[in-house]
Amino acid sequence: MDRAALVSLLERVRRGDLGVEEAVEELAVLPYEDMGFAKPDHHRALRLGFPEVVFCQGKTPTQVVEILQKLASRHVVVMATRADEEVWQAVRKWNSQAEYFPAARIIVLRSGIDRGAGYCRPRGFVAVVSAGTADLPVAEEAAVTLEVAGDPVERIYDVGVAGLHRLLPHLRLLRRARVVVVTAGMEGALPSVVAGLVGRPVIAVPTSVGYGASLGGMAALLAMLNSCAPGVAVVNIDNGFGAAQIAHLINCDE
């Protein structure tokens, strides 16, 4: 159940189309569904404004499809992250209306809702920035997640510190953003630079891009955690989805 479904239920009670006891029965349904190998959380949309998202990595294609089926039965938008080609083919075989965003590795199912319709009114747009082209999978995971949630997104890609002159022409746009998500590997310096130039929250996403001493993103993670620029929050390595969820909550007008 999401906010729209709850409002609809209460409106039916107010109009007299549904009795109080019947409404109680509908609300008394468990907030999760026990599938044995998974317990989809059907009330997450009420708490966070967006339904539970399926993380495909480590799950079989069959498990992903079965979880998506349970979520799709109760939500108008369902999303899966870290979906490879094998998972996508299994989902497409079950539901031909599903959409796949290969750069972001995201699958989206929509029913009864237009593309871009969100669960809240966005206060502004979110700028998604990547230091390099190699960071695009993580940046696109953030950007697509935000768009599915209903947030307008502006992409600013390949503007890392190896050539700061590429970032400066976008400064006016960055300063207009409600939130800025910045992905960077290597030494992870770009979020600090951006935060020093704008007066908006900056969500830093370290990526696992880089040569040996980058340690799979650890160097970027530690650099971002040690940022001297105020207003920088840091998520886990390669976690574009997590950054998007935080940005969505900041940008959401309840």
Ignoring hydrogens and angles, tell me if any N or O in the side chain of [X] forms a donor-acceptor pair with the backbone of [Y] under 3.5 Å.
X: Arg82; Y: Phe55; value: no
X: Ser208; Y: Gly216; value: no
X: Ser130; Y: Asp158; value: yes
X: Asp84; Y: Val87; value: yes
X: Ser214; Y: Tyr211; value: yes
X: Arg110; Y: Gln97; value: no
X: Asp135; Y: Gly132; value: yes
X: Asp151; Y: Glu147; value: no
X: Asn251; Y: Gly124; value: yes
X: Arg166; Y: Gly163; value: yes

Linking I/L/V/M/F/W/Y whenever their side-chain heavy atoms sit closer than 4.5 Å, directly or via other members, would [X] and [Y] fall into one cluster?
X: Val129; Y: Tyr157; answer: no
X: Tyr100; Y: Val54; answer: yes
X: Val234; Y: Val138; answer: no
X: Leu171; Y: Leu190; answer: yes
X: Phe125; Y: Ile203; answer: no

Got [X] and [Y] here, is their nearest side-chain heavy-atom distance under 4.5 Å?
X: Val77; Y: Val148; result: yes
X: Glu154; Y: Leu173; result: yes
X: Met79; Y: Thr81; result: yes
X: Val182; Y: Val128; result: no

Near Glu85 CD, under 6.0 Å, is it more than 12 heavy atoms from other residues, nucleotides or ligands?
yes

Please indicate whether Arg172 has more than 12 foreign heavy atoms, meaning atoms of other residues, nucleotides or ligands, lying under 6.0 Å from its CZ.
no

CG-CG distance between Leu109 and Asn95, expressed to the nearest 0.5 angstrom
4.5 Å

What closest approach, in Å, do [X] and [Y] show between heavy atoms, and which atom pair accounts for it?
X: Ala195; Y: Ala229; value: CB-CB, 3.7 Å
X: Arg178; Y: Pro201; value: O-CD, 3.5 Å
X: Asp238; Y: Glu141; value: O-OE1, 3.6 Å

Quick one: do Arg155 and Glu140 make a salt bridge, cutoff under 4.0 Å?
yes

